[in-house]
*Asks:* 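Mind having a look at this structure? Questions to follow.
Not measured: the values here are computed from a predicted model. Scope of the values below: all heavy atoms of this structure, side chains included, with no hydrogens, waters or symmetry mates.
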Amino acid sequence: MSLERPKPRVAVYICHCGKNIADVIDMDEITEYAKHIPNVALAKNYKFMCSNAGQDLIAEDLKSGKVDRVVVAACSPLMHEETYRRVLRENNFNEFFFEQANIREHASWVNLRDHKGAMEIAKDHVKMAVAKVSNDRPLIRQKVEVTQEALIVGAGITGMFATLDLANKYKVHLVERTPTIGGHMAQLDKTFPTMDCSACITTPKMVEVGRHPNINLLTYSEIENVDLNVGNFEVQVRKKSRRINHLICTGCGACGEVCPITVPNEFDYNMGYRRAAYVPFPQAIPAQYTIDIKNCIECKLCVDACEVNAIDFNQEDEIIDLKVGSIIIATGNDIFDPSKLYRYGYQKYKNVLIAIEMERLLSSTGPTLGKVIKPSDHKTPKRIGFLQCVGSRDFHEGTHKYCSRVCCMYAIKQARQFKEKYPDSEVFIFYIDMRTFGKGYEEFYEIAAREYGINFIRGRIGEVFENNDGSLIIRGSDTLLAEKYEIEVDMLILSTAIEARKDADEVSRFFGVQFSEDGFFMEAHPKLKPVDSLSPGIFIAGTCQAPRDIPDAVAQAKAAASSADNFMFSGEVEIEPYYSMVQPEICSGCRSCIPLCPYDAISFDETTNTADINAIKCKGCGVCVASCPSNAIIQNHFTRNQILSEVRALKPWENYIKEN
Amino acid sequence: MPQDQKLLKYSSEYSDELSLDDELKKIRSCIQCGMCSAVCPSGSFTALVTRKIMRKALAGDHSVLSGPEIWYCSTCFNCYERCPRTIPVTNVILRLRNMAVREGYLPDNLKSVIKNLANTGHAVPLGGPDSKWAKLRELHKLKKVPPTVHSFPEALDELFTLLDKIKFNARIPYR
Ligand SMILES: Cc1cc2nc3c(=O)[nH]c(=O)nc-3n(C[C@H](O)[C@H](O)[C@H](O)COP(=O)(O)OP(=O)(O)OC[C@H]3O[C@@H](n4cnc5c(N)ncnc54)[C@H](O)[C@@H]3O)c2cc1C
Ligand code: SF4
Ligand code: SF4
Ligand code: SF4
Ligand code: SF4
């Protein structure tokens, strides 16, 4: 018996991708070319390789015994790698004897007018894929047991819905940073396009979350540390001291009444006040009180006032250890601060507000009990304006290029609410485009114009000036008439952008999730994996991923819950075998790889004096491989030999080396 | 910015008046798509841009009444049929004409038509028993002078009474 490895017999399939590839790259020429690459046993082309018929083509050749490795030259492996691997699996071949050459994105699409160039690139890709597959090794996916509990971070409408959906099957830990759940939605008065009262739909859900036997609600809590063992994430949560024992507190409010300290209430965007012993708003969940340590002067008047002796000034932060199988991140969004756009006068002119402040003024539970007043004189304004796209659709540093999606609709909503309260008022909305894309949204907009008589003026305001009496002069250009105008209003509301949380990079570090260019968390695929992160078992939903409204946030919450369920329900999960391994006999023990690993997967074995990689935590990013000065780290499926074989397949590169 | 520079002042005066009529009220939902102007035959030859008329009426821009454009509409109803928001564009223009006349705006050539009507009872009068119209009538075996105000000048008094009742002379002086 020969000890030599049998020569690989590679099948190459070139996909037309309809006309996407075939219109640019001559199928017969490239097929003929492929047949002459070393190790290639056969080469074919077909209209749609991903179709059933295309897959059957591969299966038949594998069954015939003529080939044992497969290359498909088609679209991106992100799209169909899994499809073709399955064909190998189903025909009892190791699925890692497969390579996909992307000749659509890399060759045909980018060279629509240069067919010759496209052909050259496509040939190189095919050649490289054949070289790589010839050097591939069989790999086996490990299975690990999954803890059947979930963690949800952030208890806005998204986090609450994801939690409720999962809690029917699993134990769910819901961690919320503030003293109450509810998020931004709890601050809204009414919601577009149905105009149902926000509290009426949020509070019952909040109560349900608070009472559900399967939900471990951890409010006023922060993530302290995360160990990213796929399927068995170990999470430390810091439950901050509230100085009040929640097992005893009845939420009677006696402490808040005697508390002498009054501070602006964050929940009302600092327009109302609260005590140092407080609940953010009457319907808060949990309903028990919190003493805000930052502002408390320790007079301890509350201690005497509390009839059930719930106040405990010695209460300490508590660290809670959780082990969960999947995680959903639903940390929501921040709101753009327009004070840097000085021309609009926010925080300079008294009667310039931002929309979320207007939301609190319109709210019947807000600081004015629903009466809209001007900050300058506490009188109701007669003419108000809304300025759209503040901080959105702006390419300046510090603002955002994207459209925030919700501000057109919430401005129309607030304008309608204002008109309902004050029918004799005049309302102007200054917009660039009205974007009313959702179900029932265009109708909502049309009625605002026709029945409410709201004036829509196209064009971005250039400048705002303040009169002595606090009223404002707005200067702009009506872009539909190409005429300049000046309008005097009593109050101006800025429809400010939805932006990523300021501490998003901390959350991203804890959970190993990535950012998109706009600062929001990045989904694994914009179309096909909208709520998956790039880390298995970790999902993202709601406005932490991109600006969106409540219907879309809830849809994502449910999608993420079902994905987390899918991930956990079988009790075990397969790990991609791409992980890296340290060869202890080569490792010099320099430890340089350890701090570089973004997933904290490398530890140091003191007994052998070498680095050691945890295969379950490793995501196969390759950073350590490239960094190791001793070349001691191998990454499965991307070994030095495998990668160099691809490079060597490119002749011009060799020439380049020789020449230089 | 110099004080004399022309600045648009928004007013809902015109749109409020139009909105008294449920159909004309739809003008408020105009999205400025421009379809009405795209199909307006008169707009191909004149300065009539129906989209702009709608916008000016909504903004309360006085020039919509004082300018000549609304009078270029031939009332073909092409725009009326196509507007995606089902705004009765032609009817809006007709109402704007009413409003313009009320404020005393009417192009000179139309003023002479009014004068004809007031003074002869005909927008296009016969022009005397020897005019070319009279001869044409004769050719077709009709009475040279038709049995209208031309034959019964005393009926003009009734027309005057009507015009006085609606104070027409004050708007468009015809006497
Ligand atoms: C002025 C305004 C009006 C709006 N009106 C409407 C409307 O009428 N209709 C509509 O459909 N949409 C409306 N929206 C959009 C709506 O507010 C959002 O779609 C929705 O609130 C998003 O919910 P969320 O749960 O994803 O995020 P959030 O509501 O932001 O909730 C995130 C939660 O996570 C918590 N959190 C954040 N970071 C952490 C952390 N590190 N650890 C623990 N917890 C954390 C936060 O405290 C918060 O409770 C409006 C938005 C604005 C700004
Ligand atoms: S701490 Fe005591 S006084 Fe304060 S709300 Fe709770 S029960 Fe009431
Ligand atoms: S939703 Fe409207 S206001 Fe908001 S950024 Fe987009 S276009 Fe501007
Ligand atoms: S490849 Fe190396 S650096 Fe990357 S995740 Fe794995 S152990 Fe960490
Ligand atoms: S077609 Fe209708 S909606 Fe479009 S500009 Fe004309 S009137 Fe406005």
*Asks:* Between atom CG of B:Leu58 and atom CG of A:Leu481, what is the distance when rounded to the nearest 0.5 Å?
*Replies:* 9.5 Å
*Asks:* Examine whether an atom of A:Ile457 lies under 4.5 Å from a heavy atom of chain B, and if so say whether it belongs to the side chain, the backbone or both; otherwise answer neither.
*Replies:* both
*Asks:* How are the rings of A:Phe192 and A:Phe444 set relative to one another: parallel (under 30°), tilted (30 to 60°) or perpendicular (over 60°)?
*Replies:* tilted
*Asks:* Is A:Phe456 in contact with chain B via its backbone, its side chain, both, or neither, using a 4.5 Å heavy-atom distance?
*Replies:* backbone
*Asks:* By a 4.5 Å heavy-atom criterion (distance strictly below it), what part of A:Ile487 contacts chain B: side chain, backbone, both, or neither?
*Replies:* side chain
*Asks:* Under the salt bridge (charged side-chain N to carboxylate O under 4.0 Å, His left out) test against A:Asp478, which residue among B:Arg55, B:Lys56, B:Lys9 passes?
*Replies:* B:Arg55
*Asks:* Once the angle between the rings of A:Phe430 and A:Phe428 is folded into 0 to 90°, is it parallel (under 30°), tilted (30 to 60°) or perpendicular (over 60°)?
*Replies:* parallel
*Asks:* Checking A:Glu488 against chain B: side chain, backbone, both or neither under 4.5 Å from a heavy atom?
*Replies:* neither
*Asks:* Going by salt bridge (Lys or Arg N to Asp or Glu O under 4.0 Å), name the residues that satisfy it together with B:Asp16, two or more places apart in sequence or in a different chain.
*Replies:* B:Arg28
*Asks:* With a 4.5 angstrom heavy-atom cut-off, which part of B:Ile31 approaches chain A: side chain, backbone, both or neither?
*Replies:* side chain
